[in-house]
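Notes to accompany the following structure.
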Amino acid sequence: MPPASIARVLLDSPLPQLDRLFDYWVPDRWREQAQPGVRVLVPLRSAGRQAKGFIIELADEVGYEGVLSELDEVVSAAPVLDAAVYRLVRRAADRSAGVASDLVRLAVPTRQVRVEKSWLARRAESTDEARARDAARPTAPSITGYAADALVPLLTFDAEPLGGGGASRRIALTGIPSLVEVDQGTWVPAAMRTLAELAAATLAAGRSAIVSVPDYRDLDHLALCLERLVPSGDVARIDATQPGADRYRAFLRGLEPRPVIIIGNRSALLAPAPALGLIAMWDDGDGLHVEPHAPGIHGRDLALLRQEDSGCSLVFAAHARSTEVQRLIELGWLTPVEPTGRWRRRITPTAQQTAAAESAPARIPSTAWKTVSDALASGPVLVQVARPGYAPRIACAECGETARCTACRGPLGIARAGASVSCRWCGSVAAQWSCSTCESTRSRTVGRGSARTADELGRAFPGARVVVSDGATPLQSAPGGRTLVVATRGAEPTVAGGYRAVLLLDGEGMLARESLRVVEDCVRWWCNAAALAAADAPVLLVGVGGAVATALATGHPERVAEAELADRRALRFPPAVRVAAVAGTPDAVARATEAVDELEGVDVLGPIELDEGRVRAIVRLDYARGAEVAARLKAELVRGATAKAPRPAGAAPRRRVPALRVRFDDAEPFDDPGGRPTV
DNA sequence: AGCACGCCGACT
DNA sequence: GTCGGCGTGCTC
């Protein structure tokens, strides 16, 4: 038998029972092109069709007793599924009972034939010019604001074996200062400059870097910082909003031998990168790092797995520490690092008062009113609110019951001043509403959204320009001068020089949300907004007291993470343990939970009723049980997908809904029962 | 997903 | 005696 005549192929299929490698003969005509990583078409006999797939490895021995088919076609010679990316995808799928090809689909963008052809042609040339460019490495920038020796271990790669690197290679950056001026009049968050400098220094050491940020406004700032440090050909931007061809070109850049800096959102962590030296992630507590598609993996976990596999450096940077990072610090897996001469951003708690200064809106205490008023004289002021729109909620004037949409049961609200009442979920206008409890037709507005706050503040501070930035229409930056910027949490724009004051409203309401992560999320939102203030500017948090307020007032947000994690340990909640939500038909869920329940360090909550005919249970597991639990749940998924559940007499013959779904490490099951379940 | 193999009711 | 119902299981 000639060598390497068998190709092991991963099929492009979401079916769990097909999530393994299939052997195919490589016919002579494809022998040349059939290399690991290429796209192929293969026959799947019983399915009677052709399947797409990727060659994972070549072999010269059959690992299968049956009769092999020949692969039909090598789609292109581009080895798009990189070996390291496949290892990452395989491990990530295995630890979450997921299907590898679901992740491959995120890792390898849709093929763009023209882009790929020109890339292959260019690669074949391999010009002297390219080699000269390789030799001319950019010089390493210093990392502004950090002691020279603090970050040296991150940027030292000499002859280190892959998979090496201790905890000094993995750090959690905290205490990051606020905005910095990178060019005349251009201000960016200091964290973006630090991450850009780290990436550029990694590149200068002859290694690639991946920097993952939650949203495109961070990405723009990061790109801006990198422009000043490295040639544009050394930066590849992977971003969901860019056109397919650009996306594919950026992706292919990571397959070239020359090191590169890859910047992007969560999918950047799945990008190929030669000689990976650094993975950095900004604000890992931001929910945008969670991939919404199956199997719903958090970018943080991808970063941790990839670091372990490659032995590269790892940086989690954030203003507020997540409980997950706190846990890794306590385990000794991450080393906390702070900038030199760290000054602590203090957030001053201010009690809610009913009696405020003359003409002040009732929700702004008089001290805060004075602060805003004074600050406006020297520049822009940020006011953070919880909700967009005019009135976030409508309630019955008689009994106080929340008004809900007749179509979808979503809450009703008012989007703009003078607009009619409409549903916040489905948008349908509620023309004639009557209370479902007491049948009254009189309603009242509850709470103030960004639009109403802006209206009120505009009247209260005549002469100030009022700007609104919310999730639907976020601003990257706002004008300076006498400007009041009203923004919903997470949508705060930057201003040159930083805000002269920051006022955090609605804290009480934000904390009242029924969610495992409320405290953590609120602290993150507050710290992120506070970081947009000028260094000496006051930051006031209205209506929040207790230990959280104390931690923020003394400039120690990490104490909140410590306390939160201690609570979760006591309650056996994530991230002290891992969780897997198991949803589906009652018998499928029962079988799945029975399969794992008897394991040491595993317990099951529920099941509870979801919608008609479906239930959901929560499996809680010690980290050490992860592989075993995921494997058993995967086996149940395979069983559920192949053998159909015995249907009760008289029911519809084929269920449209899958019998079983599993989602790991999602805190949603612990959240507000009024929300819409996603599992 | 698709499609074949396999074991029980009304037909030339 | 067969033709075909779709329940069960496999796909290199």
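In what follows, chains are A, B, ... by sequence order, proteins preceding strands, each numbered from 1. Please read all numbers here as calculations on a predicted model, not as lab measurements.
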* Asked: Between Arg249(A) and Asp246(A), does at least one N-O distance fall below 4.0 Å, as a salt bridge requires?
  -> yes
* For the pair Gln17(A) (side chain) and Val638(A) (backbone), establish whether a donor and an acceptor sit closer than 3.5 Å, ignoring hydrogens and angles. => no
* Asked: ring-ring contact (aromatic ring centres under 6.0 Å, His included): which pairs involve residues 247-269 of chain A, sequence neighbours left out?
  -> Tyr248(A)-Phe251(A)
* Checking all strands, does Pro14(A) fall into the base, sugar-phosphate, or nothing category for heavy-atom contacts under 4.0 angstrom? -> nothing
* **Asp283(A) versus Arg524(A), closest heavy-atom pair with distance** => OD2-NH1, 3.2 Å
* Heavy atoms under 4.0 Å, any strand shown: does Leu68(A) hit a base, just sugar-phosphate, or nothing? -> sugar-phosphate
* Interatomic distance, Leu11(A) CG vs dC12(C) C1' [rounded to whole Å] -> 8 Å
* Pairs satisfying salt bridge (Lys or Arg N to Asp or Glu O under 4.0 Å), at least one member in residues 623-634 of chain A, at least two apart -> Asp19(A)-Lys634(A), Glu598(A)-Arg632(A), Glu628(A)-Arg632(A)
* Nearest to the side chain of Arg49(A) - dG2(B), dT11(C), dC12(C)? -> dG2(B)
* Give one of base, sugar-phosphate or nothing for Val42(A), where a contact means two heavy atoms less than 4.0 Å apart. => nothing
* **Separation between CZ of Arg169(A) and SG of Cys312(A), rounded to the nearest 0.5 Å** => 8.0 Å
* Structure fact -> On a heavy-atom basis, the closest approach of Leu621(A) and Ala580(A) is CD2-N, 4.3 Å
* Asked: Rounded to the Å, how far apart are Leu18(A) CG and dC3(B) C1'?
  -> 13 Å
* Asked: To the side chain of Gln17(A), which of dC12(C), dG2(B), dT11(C) is closest?
  -> dT11(C)
* Structure fact -> In whole angstroms, the gap separating P of dC10(C) from CG of Leu44(A) amounts to 15 Å
* Asked: Does the ring of Phe22(A) lie flat against the base of dC12(C), closer than 5.5 Å centre to centre with planes under 30°?
  -> no
* To do: Kindly state which residues belonging to residues 96-105 of chain A come within less than 4.0 angstrom of DNA chain C, counting heavy atoms of the residue only, listed by number.
  => none
* Nearest whole angstrom, please: distance from the P of dC10(C) to the CZ of Arg20(A). => 10 Å
* Roughly how many Å is it from OH in Tyr64(A) to P in dC10(C), rounded to a whole number? -> 10 Å
* Once you round it to whole Å, what is the distance between P of dC12(C) and CD of Gln50(A)? -> 13 Å
* To do: Assign Tyr24(A) to base, sugar-phosphate, or nothing according to its heavy-atom contacts below 4.0 angstrom with the strands shown.
  => sugar-phosphate
* Structure fact -> Atom CG of Leu637(A) and atom P of dA1(B) are separated, to the nearest Å, by 13 Å
* Asked: Separation of Asp12(A) atom CG from dG2(B) atom P, in whole Å?
  -> 13 Å
